[in-house]
Amino acid sequence: MAMELLTQTTVIAECQQLAALIEKHTTAKGNGTHKTAIPQMEFMRESSPNTAICAVYQPILAIVLQGKKKGLAG
């Protein structure tokens, strides 16, 4: 199996496409956490950049698609 090296431009384009798909599934539902058809997978949306979302999730894989976020691992 060959591995493909991605360029920064390709990664940015893929993240924008993923962000558009998630936005499509969360826009009508508003801010907050939204369940998906995949068990234990949720989308989280926050439109206001000044609102902090504080929570503890374990284990977690977070993919930040837009904006500036800060995640802490403990």
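Numbers for residues simply follow the sequence, beginning at 1.
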Taking only residues two or more places apart in sequence, or in another chain, which ones meet Lys35 in a salt bridge (Lys or Arg N to Asp or Glu O under 4.0 Å)?
Glu42
Stepwise side-chain contact (heavy atoms from CB on, under 4.5 Å) check, Arg45 with Glu23:
CA-CA 8 Å; Arg45 175 188 180 95; Glu23 183 176 7; 3.7 Å; yes
I'd like to know if Ile38 and Leu21 are part of one continuous hydrophobic network [Ile/Leu/Val/Met/Phe/Trp/Tyr, side-chain heavy atoms within less than 4.5 Å].
no
Linking I/L/V/M/F/W/Y whenever their side-chain heavy atoms sit closer than 4.5 Å, directly or via other members, would Leu18 and Phe43 fall into one cluster?
yes
Counting distance only, does the side-chain N/O of Thr7 pair as donor-acceptor with the main-chain N or O of Thr10 below 3.5 Å?
yes
Once you round to the nearest 0.5 Å, how far does OG1 of Thr27 lie from CD1 of Ile22?
11.0 Å
So, for Met44 and Thr33, which heavy atoms are closest and what is the spacing to 0.1 Å?
CE-OG1, 3.3 Å
